[in-house]
Amino acid sequence: MTYRAGWIHFTNVAPILDSLILPPGVSAMTGVPTEMNEALLSGRVDIANISAVEFIRNAGTLEALPDFSVSVLGPVYSVNLFHTRPLEGLRRVALTSQSAMSVALLEVILRERGLSPTLERAEGDAETLLAQGYDGVLRIGDSALREWYGVVGPLTPDTTMTSLPHAGRGITVTDLAESWFELTGHPFVFAVWAYHKGNPPPPGLIGAMRTARRDGLGHLADVAQRHSRRLGLPVRVVQHYLWNFRYHLEAPDRLGLREFAAKAVPGHAELKFGPRPGDAVTSREPV
Ligand SMILES: C=C(O[C@@H]1C=C(C(=O)O)C=C[C@H]1O)C(=O)O
């Protein structure tokens, strides 16, 4: 029987997915985070990189690969609240329906600051929605990265990219992963690769994913070059964006994930991960 994989195909997963060669017996489809969350939970796919908050909410039935994540320590550049008033003055915030994780993260950040603006689902780019009367717009993924650069760019050759939140054109960009770091000092885990307990991916798929990640991270300049053309962004911006991610769900990432789980989904079931590379079950796989 075919094992069905579902991939969120944002640029931040390119260092893993671009050179992935699926082993025989594995199929793949792609979509935005909320589509992949739904596809995994409804059983239309067997494994997917899903919003970490859905993994936490469904921890009773799901398990995650032990060494794969989309995480950052500090700014992420592509999970952004674009706003025209200070956070304390926000009244109406538009939320993208593509994302579960960023909405849950925004709720935690607002709650920690004692803020409770009206949150509404609304689609469109940040500047259009701001012009329509929203004073905050939450955006994720490639379009959020492009819109961030549209607000703060162009970077000059001596600009460093380490001082968010950024502002420009009357708009402030609050990077939610940076807000999380300021709040907790932990990395923020956006995605994990989850599957239903009892239905783990074939070892050949996990091995192929590890090989692809090693290849992608080893050739990051090429990945950045390719995607900078597609995104219409300078190569150095895309390269910085990509090398800033943490793809291995290491101990600090797990700490951040657990901290987020405690804040966002109190009473959740224990988070379960598959065997780590080197454990008996996967010891035949390349690491
Ligand atoms: C950092 C990002 O992470 C993605 C954002 C997700 C979400 O918002 O639900 C889910 C998976 C991540 O890969 C991004 O795409 O901007």
Side-chain angles (χ1 to χ4, degrees), residues 5-18 20 30-41 45 47-58 62 64-65 68-82 93-109 119 121 123 125-126 137-149 161 164 173-181 186-194 209 213 216 223 227 230-231 233 237-238 240-249 253 256-257 260-261 264-265:
W7 310 135
I8 296 171
H9 58 307
F10 288 154
T11 302
N12 55 51
V13 203
I16 300 175
L17 293 186
D18 275 12
L20 179 64
T30 59
V32 299
T34 41
E35 289 166 346
M36 287 304 105
N37 299 343
E38 193 279 327
L40 180 71
L41 292 171
V45 299
I47 185 170
N49 50 328
I50 64 166
S51 308
V53 70
E54 289 299 345
F55 170 61
I56 297 163
R57 287 181 184 138
N58 296 282
L62 298 180
L65 292 182
F68 278 88
S69 62
V70 176
S71 319
V72 287
L73 179 62
V76 61
Y77 306 99
S78 62
V79 179
N80 295 325
L81 184 69
F82 296 85
V93 175
L95 307 176
T96 167
S97 60
Q98 293 189 353
S99 169
M101 197 62 218
S102 63
V103 173
L105 176 55
L106 179 63
E107 285 171 348
V108 166
I109 288 165
L119 305 179
R121 295 280 176 185
E123 294 311 315
D125 62 73
V137 179
L138 180 61
R139 303 276 288 156
I140 65 157
D142 295 356
S143 45
L145 180 66
R146 271 201 298 262
E147 287 170 41
W148 163 73
Y149 192 69
M161 296 176 64
L164 289 181
V173 187
T174 294
D175 182 313
L176 295 193
E178 187 172 47
S179 300
W180 172 258
F181 173 71
H186 288 308
F188 192 79
V189 179
F190 284 95
V192 294
W193 269 255
M209 287 171 60
R213 178 178 54 192
V223 179
H227 288 275
R230 194 177 57 74
L231 292 166
L233 289 171
V237 170
V238 179
H240 178 94
Y241 176 63
L242 292 177
W243 71 38
N244 189 48
F245 281 98
R246 304 170 51 82
Y247 290 110
H248 294 79
L249 193 61
D253 306 299
L257 183 64
F260 179 74
V265 193

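One-based numbering, in listed order, for ligands and for the atoms of each.
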Expected output: side-chain [X] to main-chain [Y] donor-acceptor under 3.5 Å:
X	Y	answer
Asp18	Gly216	no
Asn49	Ala191	no
His186	Phe181	no
Thr34	Gln98	yes

- Task: Look only at interatomic distance and state if Phe245 has a nitrogen or oxygen under 3.5 Å from any nitrogen or oxygen of ligand 1.
- Result: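 So ligand 1 has no N or O lying under 3.5 Å from an N or O of Phe245.
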Polar proximity ligand 1 side, Ala100 side, N/O cut 3.5 Å exclusive
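Yes; the residue has a nitrogen or oxygen that sits under 3.5 Å from a nitrogen or oxygen of the ligand.
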Shortest protein contact, [atom] (heavy atom only):
atom	answer
atom 4 (C) of ligand 1	Phe190 CB, 4.1 Å
atom 9 (O) of ligand 1	Ser51 OG, 2.7 Å
atom 8 (O) of ligand 1	Ser99 OG, 2.5 Å
atom 6 (C) of ligand 1	Pro33 CG, 3.6 Å

Identify, by atom number and element, the atoms of ligand 1 in contact range of [X], meaning under 4.0 Å from any of its heavy atoms.
X	answer
Val76	1 (C)
Ala191	11 (C), 12 (C), 13 (O)
Gly141	14 (C), 15 (O), 16 (O)

*Sole candidate of Ile50, Val53, Thr96, Ile140 that passes side chain to side chain contact (heavy atoms under 4.5 Å, CB included) when paired with Pro33*: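 Exactly one pass, corresponding to Ile140.
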Give the contacting part of [X] toward ligand 1: side chain, backbone, both or neither, where contact means a heavy-atom distance below 4.0 Å.
X	answer
Leu145	neither
Asn12	side chain
Ser78	both

- Out of Trp193, Tyr247, Phe245, which residue meets the ring-ring contact (aromatic ring centres under 6.0 Å, His included) rule with Phe68?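 In the set Trp193, Tyr247, Phe245, the residue that makes a ring-ring contact (aromatic ring centres under 6.0 Å, His included) with Phe68 is Trp193.
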Between Leu138, Val79, Ile140, flag the one that comes closest to atom 1 (C) of ligand 1 by a heavy atom.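 Considering heavy atoms of Leu138, Val79, Ile140, the nearest to atom 1 (C) of ligand 1 sits in Val79.
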**Asked** Hey, looking at atom 15 (O) of ligand 1, which of Trp7, Phe10, Phe188 has the closest heavy atom?
**Response**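 Nearest option to atom 15 (O) of ligand 1, by heavy atoms: Phe10.
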Could you check if a side-chain atom of [X] sits within less than 4.5 angstrom of a side-chain atom of [Y], using non-hydrogen atoms only?
X	Y	answer
Val13	Trp7	no
Val223	Thr11	no
Val93	Leu106	yes

>> I'd like to know if the side chain of His240 pairs up with that of Tyr77 as donor and acceptor (distance under 3.5 Å, no hydrogens or angles considered).
In response: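 The answer is yes; a qualifying pair exists.
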Below 4.0 Å from ligand 1: does a non-hydrogen atom of Ala144 turn up there or not?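 In this structure, Ala144 fails to qualify as a contact of ligand 1 - no heavy atom is under 4.0 Å.
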